[in-house]
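Numbered from 1 within each chain, the chains take letters A, B, ... in sequence-line order. Quantities reported herein were computed from a predicted structural model and do not represent experimental measurements.
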Protein chains: 2
Amino acid sequence: MSTRVTISDVAKLAGVHPGTVSRALNKKTENQVNAGTVRRVRDAAKRLGYSPNSIARGLRTSSSMTVGVIIPDLTNPIFPPIVRGIDSYLLPRGYTTVVVNTDGSDANERKLFESLVQRQVDGFIFGTGHTGQSIVHEAYERGIRGVMVNRDSGGVPYPAVVGDDSQGIRASVEHLAQLGHRRLVHLEGPASFSTSRVRAASFLSSCAEYGLSGTVALCDSYSVDEGQRVMDAVLAEHSSQPTAVVAGNDLLALGVYHSLRMHGLRCPEDISVVGFNDMPFSGDFQPPMTTVRVPQTELGAESARLLLRQIEDADRSAVRVVLPVELIVRASTTRVHQA
Amino acid sequence: MSTRVTISDVAKLAGVHPGTVSRALNKKTENQVNAGTVRRVRDAAKRLGYSPNSIARGLRTSSSMTVGVIIPDLTNPIFPPIVRGIDSYLLPRGYTTVVVNTDGSDANERKLFESLVQRQVDGFIFGTGHTGQSIVHEAYERGIRGVMVNRDSGGVPYPAVVGDDSQGIRASVEHLAQLGHRRLVHLEGPASFSTSRVRAASFLSSCAEYGLSGTVALCDSYSVDEGQRVMDAVLAEHSSQPTAVVAGNDLLALGVYHSLRMHGLRCPEDISVVGFNDMPFSGDFQPPMTTVRVPQTELGAESARLLLRQIEDADRSAVRVVLPVELIVRASTTRVHQA
DNA sequence: CGTCAATTCGCAATCGATTGCCCAAAAGCG
DNA sequence: CGCTTTTGGGCAATCGATTGCGAATTGACG
């Protein structure tokens with residue numbers, strides 16, 4: 001299988017030493033070899049269809065031109081765009097990305113992390129923002145290069161690329177306030193994610209700012225089922241019902257849709273709902289979802305850029321890049337029916 | 001970065017030769033070494049936190065324990081489940097998967113393919129079913145191991161794992177016939193995909209079977225925009241309008257939704273729509289989509305199984321696995337209003 | 001024409017693990 | 001007790017590329 005033509009084959013054909021071939025074929029060292037020789041080597045290589053064995057190269061240079069991307073679950077629609085964003089930056093620069101899914105388990109995360117380290121990946125992009133005992137701390141201690149994406153670094157001095165969560169939530173609350181809503185509920189994501197707390201905090205302060213009553217319900221995971229479960233609980237309470245829901249993300253918001261439907265409530269007529277992320281197809285839901293657009297592809301690309309800066313320029317400054325977000329108003333929010 | 005403890009360190013601590021360490025740590029060769037020694041080596045390794053350098057191993061064994069997965073676009077929602085399915089089979093067996101996106105370009109496909117070959121991947125899973133000049137033929141000629149997933153092999157004797165497209169379309173047509181529809185349109189996917197023609201053929205024969213009038217409109221890509229464009233064209237025709245649309249996949253069906261909405265037509269009251277794939281969230285669209293469920297995760301897992309069989313057992317039989325599909329009736333189809 | 005610096009390129013070590021070959025020690029056997 | 005067969009494990013080559021070192025060639029310059 002695969003390539004059988006090696007650097008020595010090229011050397012033989014070009015009538016030079018293998019070392020010379022290596023130098024001739026490498027951009028940074030080709031000035032160490034005569035221009036004519038470079039040309040001879042070049043077309044010897046082309047003639048034979050030579051392509052360097054990156055495993056061998058990796059062994060020698062102890063770099064694999066590969067980066068690991070650790071995310072909770074690829075089937076969560078916000079991740080594919082992020083991954084594509086990462087790829088779009090890395091691929092043209094000769095890097096390959098390996099994506100692994102933890103399914104939210106710290107044990108998986110650790111196992112996958114080790115397996116990638118063993119594969120000599122040159123760095124990591126962490127899309128799992130646990131504040132708990134994730135391997136992020138350990139990775140940093142071990143001197144492994146890394147970047148956080150879509151999650152805060154939680155104390156570890158890795159660079160982080162995030163959307164402007166506070167601003168997004170604030171815009172959502174403002175929008176609802178302008179529509180006349182006075183009693184809001186926020187479905188907060190699991191405590192293990194840094195974003196959950198940021199969003200909840202912003203929700204509370206924004207409600208205060210606009211003089212609204214805001215309460216928070218905690219979810220155990222960012223999933224449709226959990227959103228439905230928690231919304232069911234909210235509706236079961238006897239205290240005064242909210243007229244609008246600010247969900248921690250679009251998945252939770254979708255769960256809210258389901259819950260409302262089960263209870264015979266209409267969205268947005270009875271209750272308005274705002275999501276977060278503007279994941280793909282959220283504009284096609286029933287009803288089309290008002291949500292906060294986060295530039296996922298850009299998040300990915302930017303995180304890749306920061307990682308490469310670490311790898312290639314040994315720049316370990318712990319910058320924090322906050323990308324702007326935008327409230328997309330669609331049909332899941334409307335003016336409150338009566339005061 | 002990464003691991004600095006090598007096999008020789010372990011050998012030194014255990015008081016044996018590096019070669020012995022290698023044998024002791026390898027399942028298939030550990031019977032060549034005394035049980036006591038194995039134990040000594042084992043905990044020397046544990047004590048030092050040794051973890052083998054898979055690059056070095058790969059160089060020697062010329063296998064990377066990596067498989068390449070080539071798909072058009074990860075943000076197409078049918079692919080994440082397939083990829084997860086592949087992973088679920090490969091990961092426990094020590095393999096890592098590298099996913100690359102061609103964005104439908106043959107040039108990209110070739111470039112990515114070569115780059116993966118150069119990385120010594122042990123095999124490929126092709127999710128790009130071009131019938132044209134994809135690299136699949138060449139890969140086979142070169143003796144590279146591979147499997148087709150979600151696409152037919154198109155003449156190349158690679159194993160293929162597909163959903164039962166014919167049956168799915170037939171079930172859709174039957175469903176519409178039972179609802180009283182008589183004039184159907186099929187939005188056929190691009191000719192370069194083997195599935196497109198299979199589905200179109202099944203559509204036509206099923207219409208004949210049920211005595212319906214069925215016409216076909218060709219799309220240039222499997223995308224929402226293209227579905228909308230083509231449906232616009234269908235609606236612009238002056239001939240008798242269809243009462244139901246069988247879309248080549250869910251993305252096209254979504255485009256049909258958009259087109260209908262633009263034309264002030266209601267789905268399903270004015271026109272019924274059936275999708276294909278049951279991609280994630282298709283039950284949350286407006287209206288919830290009647291579509292054919294394809295077991296994507298299983299497709300992925302099965303293709304991975306077939307690939308490993310080639311890699312590890314040198315079994316190159318070109319089996320073709322057809323997984324059953326199921327029509328999921330939701331709200332985008334209804335009884336025809338009047339005859 | 002001799003000396004010194006700059007080019008060019010060959011040599012061989014190296015990255016870390018695997019594995020065929022072979023020798024020594026132990027075990028089996030008559 | 002001597003001889004054959006196992007068993008255990010050391011030795012060194014190997015995978016394919018990169019790279020520090022130094023030798024040889026060329027050119028510049030006084």
Side-chain angles (χ1 to χ4, degrees), chain A residues 1-42 44-45 48-66 94 117-122, chain B residues 1-42 44-45 48-66 94 117-122:
Chain A
M1 163 139 184
S2 76
T3 330
R4 69 198 101 273
V5 30
T6 76
I7 207 169
S8 322
D9 298 326
V10 177
K12 219 164 296 166
L13 179 58
V16 297
H17 189 271
T20 305
V21 174
S22 173
R23 281 188 269 258
L25 261 28
N26 236 298
K27 260 280 163 269
K28 314 122 200 171
T29 48
E30 70 168 343
N31 58 330
Q32 296 173 27
V33 54
N34 183 286
T37 309
V38 169
R39 204 137 30 78
R40 278 215 325 287
V41 171
R42 281 267 166 76
L48 295 174
Y50 169 73
S51 109
N53 180 327
S54 40
I55 299 265
R57 185 208 306 259
L59 178 58
R60 180 62 225 255
T61 64
S62 73
S63 98
S64 58
M65 296 300 277
T66 299
V117 166
Q118 161 174 348
R119 277 168 191 276
Q120 305 265 113
V121 302
D122 298 326
Chain B
M1 159 138 185
S2 77
T3 332
R4 71 197 99 273
V5 32
T6 76
I7 207 169
S8 323
D9 298 325
V10 177
K12 219 165 295 168
L13 179 59
V16 296
H17 189 271
T20 305
V21 174
S22 172
R23 281 188 268 258
L25 261 29
N26 236 298
K27 261 278 163 270
K28 313 122 202 171
T29 47
E30 71 169 340
N31 58 331
Q32 297 172 26
V33 55
N34 184 285
T37 310
V38 169
R39 203 138 29 79
R40 279 214 327 287
V41 171
R42 282 267 166 75
L48 296 173
Y50 169 73
S51 109
N53 180 325
S54 40
I55 300 263
R57 186 208 305 257
L59 178 57
R60 181 62 226 255
T61 64
S62 74
S63 98
S64 58
M65 295 299 279
T66 299
V117 166
Q118 162 175 349
R119 278 169 190 274
Q120 305 266 114
V121 302
D122 299 325

A.B. asks: How far does CG of B/N31 sit from CG of B/N26, to the nearest 0.5 angstrom?
C.D. replies: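 The CG atom of B/N31 sits 10.5 Å away from the CG atom of B/N26.
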A.B. asks: Heavy atom of residues 19-41 of chain A under 4.0 Å from DNA chain D: which residues?
C.D. replies: A/G19, A/S22, A/R23, A/N26
A.B. asks: Do side-chain atoms of B/S8 reach the backbone of B/P18 as a donor and acceptor pair under 3.5 angstrom?
C.D. replies: no
A.B. asks: Identify the heavy atoms of B/I7 and B/Y50 that sit nearest to each other, and give their distance.
C.D. replies: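 Scanning both residues, the minimum pair turns out to be N-CE1, 3.6 Å.
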A.B. asks: Hey, mind stepping through A/S54 and B/Q120 against side-chain contact (heavy atoms from CB on, under 4.5 Å) and telling me if it holds?
C.D. replies: CA-CA 8 Å; A/S54 40; B/Q120 305 266 114; 5.5 Å; no
A.B. asks: To the nearest 10°, give me the bend of the helix from C/dC1-D/dG30 to C/dG30-D/dC1, comparing the axes of its five terminal pairs at either end.
C.D. replies: 40°
A.B. asks: Donor-acceptor pair, distance only, cut-off 3.5 Å: does the side chain of A/R40 make one with the backbone of A/A14?
C.D. replies: yes
A.B. asks: Output yes when at least one side-chain N/O atom of A/R57 is less than 4.0 Å from OP1 or OP2 of D/dT18, else no.
C.D. replies: yes
A.B. asks: What nucleotide, of D/dC15, C/dA17, C/dT19, holds the atom closest to the side chain of B/L59?
C.D. replies: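 Nearest to the side chain of B/L59 among the choices is D/dC15.
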A.B. asks: Determine the minimum heavy-atom distance between A/A24 and A/V33, stating which atoms define it.
C.D. replies: CA-CG1, 3.8 Å
A.B. asks: Using a cut-off of strictly less than 4.0 Å between a heavy atom of the residue and any atom of DNA chain D, enumerate the qualifying residues of residues 8-15 of chain A by number.
C.D. replies: none
A.B. asks: Can you tell me how far C1' of D/dT18 sits from CE of A/M65, to the nearest Å?
C.D. replies: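 Between C1' of D/dT18 and CE of A/M65: 15 Å.
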A.B. asks: Would you say that B/T29 contacts B/S22 through its side chain, given a criterion of any heavy-atom pair below 4.5 Å between the two side chains?
C.D. replies: no
A.B. asks: Hey, could you give me the OG1/CG distance between A/T6 and A/L48, rounded to the nearest 0.5 Å?
C.D. replies: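 The OG1 atom of A/T6 sits 9.5 Å away from the CG atom of A/L48.
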A.B. asks: Rounded to whole Å, please give me the gap between NE2 in B/H17 and P in C/dA24.
C.D. replies: 16 Å
A.B. asks: Using whole Å, report how far CZ of B/R4 lies from C1' of C/dT14.
C.D. replies: 18 Å
A.B. asks: With a 4.5 Å limit on heavy-atom distance, are the side chains of A/P52 and B/Q118 in contact?
C.D. replies: yes
A.B. asks: To the nearest angstrom, how far is B/I7 atom CD1 from C/dT19 atom P?
C.D. replies: 11 Å
A.B. asks: OP1 or OP2 of C/dA17 versus the side-chain N and O atoms of B/Y50: is any pair under 4.0 Å?
C.D. replies: yes
A.B. asks: Please report the closest heavy-atom contact between A/K27 and A/R42, naming both atoms and the distance.
C.D. replies: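 Heavy-atom minimum between the residues: NZ-NH2, 4.2 Å.
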A.B. asks: Looking at A/I55, A/L59, A/T61, A/N53, which hits side-chain contact (heavy atoms from CB on, under 4.5 Å) with A/R57?
C.D. replies: A/T61
A.B. asks: What is the distance from CD1 of B/I55 to P of D/dT14, rounded to the nearest Å?
C.D. replies: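 Result: 23 Å.
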A.B. asks: The side chain of A/R60 is closest to which nucleotide in this list: D/dG16, D/dT18, D/dG10?
C.D. replies: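 Out of D/dG16, D/dT18, D/dG10, the nucleotide with an atom closest to A/R60's side chain is D/dT18.
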